[in-house]
Number of protein chains: 2
Amino acid sequence: MKKILKTNAYTKYPLFKGVNQNSINVIMNCFKSVEKEYKKGTYIWHAGDEAHYVGIVINGQVNIVKDDISGDRVIINTVFNPMIFGESYAIAKTSEYPVSVQAAVDSRIILIDIEKLMTPCSVGCSFHNEVIKNLVEIIAKKNIKLNNRIECITKKTIKQKLVFYLMDEMKMNENNEIKIPYNRNELSDYLNVNRSALSRVLSKLEEDGILIFNKNKFKILDYDEIKEIMAN
Amino acid sequence: MKKILKTNAYTKYPLFKGVNQNSINVIMNCFKSVEKEYKKGTYIWHAGDEAHYVGIVINGQVNIVKDDISGDRVIINTVFNPMIFGESYAIAKTSEYPVSVQAAVDSRIILIDIEKLMTPCSVGCSFHNEVIKNLVEIIAKKNIKLNNRIECITKKTIKQKLVFYLMDEMKMNENNEIKIPYNRNELSDYLNVNRSALSRVLSKLEEDGILIFNKNKFKILDYDEIKEIMAN
DNA sequence: TCCTTTTGGTTGCATCTGCAACATCTTCGT
DNA sequence: ACGAAGATGTTGCAGATGCAACCAAAAGGA
């Protein structure tokens with residue numbers, strides 16, 4: 001876990017959007033934040049540690065893990081470059097992280113003290129406020145995604161979950177032929193259903209001429225039927 | 001929808017936590033925000049409107065509603081005093097609200113322009129930063145709640161969802177006898193299961209001596225069995 | 001090319017749970 | 001106290017889906 005002083009190319013990170021590299025260097029110095037290397041399997045923090053930091057994945061990937069009652073760990077989520085993790089707990093003042101964060105592979109991480117981040121410097125660097133705005137925007141977007149997922153998962157049948165998800169994607173793409181970012185396994189995870197059961201439903205929908213698909217490309221054929229499905 | 005100039009007692013709102021009434025008055029003036037009265041059934045905004053505002057429920061309650069594909073509206077959520085609504089969409093720069101907000105009963109609402117809220121005044125009022133911090137904290141807490149709910153809902157069986165929820169509540173109360181804030185109907189909604197099916201599972205758990213309950217009070221008797229259930 | 005691995009579709013079976021209809025108990029207003 | 005309305009528990013039934021085991025096709029590596 002040796003320290004590496006390196007501050008290049010941070011401008012591409014959402015947290016630093018709209019802030020030039022020089023300003024970032026000033027901020028990082030002000031935060032006393034540096035990149036650190038974590039070997040695969042080592043912990044960035046443990047559940048129960050005081051929640052002071054937001055982490056940025058510079059390189060590699062980390063798993064957000066929860067210690068089960070029965071002692072074994074469950075992976076809640078995986079975070080890749082260039083996203084951040086832990087921000088909600090640090091900001092919400094829950095005092096302790098309820099989850100651990102573990103390097104899934106050798107990874108480079110920056111930890112930033114949330115208190116320093118959220119409190120504008122007395123010297124009044126204007127870009128500091130930009131970073132705060134970016135952070136808030138990131139959290140707000142996560143919020144919207146979580147809400148979407150809940151709305152999707154709470155549909156009653158696999159058919160409804162699937163159709164809701166596809167329609168949502170199509171609305172965003174403004175196209176009735178879409179390419180989704182998941183394979184079947186990942187899609188079934190997202191919808192929280194069994195993969196083979198999902199497969200069964202997909203085949204049925206195709207057989208009924210409601211939609212066609214190939215790999216991760218989907219196209220809706222019969223919108224009347226889709227409306228019928230969504231309406232319960 | 002007549003305007004009412006009234007700025008008392010805002011200190012109790014989470015958004016203004018730690019800010020004194022005088023400062024709030026200054027801010028509200030700076031924001032040009034005032035309370036407005038909305039009659040039951042009228043809309044605070046419609047889906048498709050540009051997302052500029054965060055709303056505070058001063059009085060009454062509002063429904064967050066979504067226009068279904070089939071034309072009818074679904075209530076996504078209900079917001080009471082003193083909570084806020086719309087903040088995620090306004091902050092995330094989605095440009096348009098994807099949901100409408102409708103007064104469920106006669107209600108008093110404050111709408112605050114998010115851009116003004118997020119940009120510290122040039123005069124540099126220190127309390128403005130407090131408000132921003134509060135807003136971020138509110139969103140972060142919502143985030144954590146949403147994550148908890150997802151973790152709960154994605155459990156496979158009703159039994160697991162229920163046990164997960166109860167254990168979570170107990171951890172917070174540090175007591176194995178808890179009082180939950182839901183009646184059966186609301187609990188089944190939260191867990192996203194059928195009420196009678198939930199009732200069935202509850203009775204079975206009681207019959208097996210794993211927990212006892214009365215109204216909204218629950219107590220776990222057999223922790224070994226609980227562990228067994230959580231472990232799958 | 002060939003072999004291995006990954007990904008995706010199929011199917012029989014058991015079971016969980018949604019649904020509906022009803023029973024019981026509580027709450028509350030008059 | 002009485003009746004109405006609301007909350008909660010019970011039960012039979014049907015259908016959806018998790019699961020496991022298998023097969024087929026595609027992808028990737030040597």
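Only heavy atoms go into these numbers, but all of them, side chains included; no hydrogens, no water, no symmetry mates. Just so it is clear: chains get the letters A, B, ... in the order the sequence lines come, proteins before strands, and each one is counted from 1.
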Return the value, rounded to whole Å, for the distance between atom [atom1] of [X] and atom [atom2] of [N].
| X | N | atom1 | atom2 | result |
| --- | --- | --- | --- | --- |
| A/Leu198 | D/dA20 | CG | C1' | 17 Å |
| B/Lys161 | C/dC16 | NZ | C1' | 11 Å |
| A/Leu205 | C/dT10 | CG | P | 12 Å |
| B/Asp189 | C/dG18 | CG | C1' | 14 Å |
| B/Leu162 | C/dT17 | CG | C1' | 14 Å |
| A/Asn194 | C/dG9 | CG | C1' | 13 Å |
| A/Asn216 | D/dA27 | CG | P | 11 Å |
| A/Ile212 | C/dG9 | CD1 | P | 14 Å |

Using the side-chain heavy atoms of [X], tell me which of these nucleotides is nearest: [options].
| X | options | result |
| --- | --- | --- |
| A/Lys156 | C/dG8, C/dA20, C/dG18 | C/dG18 |
| A/Ile158 | C/dG18, D/dT17, C/dG9 | D/dT17 |
| B/Ala197 | C/dG9, D/dT10, C/dT17 | C/dT17 |
| B/Ser199 | C/dT7, D/dT10, D/dT17 | D/dT10 |

(message) In the structure I gave you, are the side-chain heavy atoms of A/Met83 and A/Pro14 within less than 4.5 Å of one another anywhere?
(response) yes
(request) Answer yes or no: is there a side-chain heavy-atom contact under 4.5 Å between B/Tyr13 and B/Ile58? (result) yes
[N] phosphate, OP1 or OP2, under 4.0 Å from [X] side-chain N/O:
| X | N | result |
| --- | --- | --- |
| A/Lys215 | C/dT6 | no |
| A/Lys204 | D/dT17 | no |
| A/Ser203 | C/dT10 | yes |
| A/Asn185 | C/dT7 | no |

(message) Using a 4.0 Å heavy-atom cut-off, does B/Tyr182 contact any base of the nucleic acid, only the sugar-phosphate backbone, or nothing at all?
(response) nothing
(request) May I ask you to decide whether A/Asp106 forms a salt bridge with A/Lys39, counting only side-chain N to carboxylate O separations under 4.0 Å? (result) yes
(message) Checking side-chain polar atoms at under 3.5 Å, does A/Asn63 have a donor or acceptor matched by the opposite partner on A/Thr78?
(response) yes
(message) Please determine whether any donor N or O and acceptor N or O are separated by less than 3.5 Å between the side chain of A/Arg195 and the base of C/dG9.
(response) yes
(message) Judged by each residue's nearest nucleotide on DNA chain D, which is more toward the 5′ side, A/Lys159 or B/Arg200?
(response) B/Arg200
(request) Output yes when a side-chain donor or acceptor of B/Asn183 lies under 3.5 Å from a complementary backbone atom of B/Asn185, and no otherwise. (result) yes
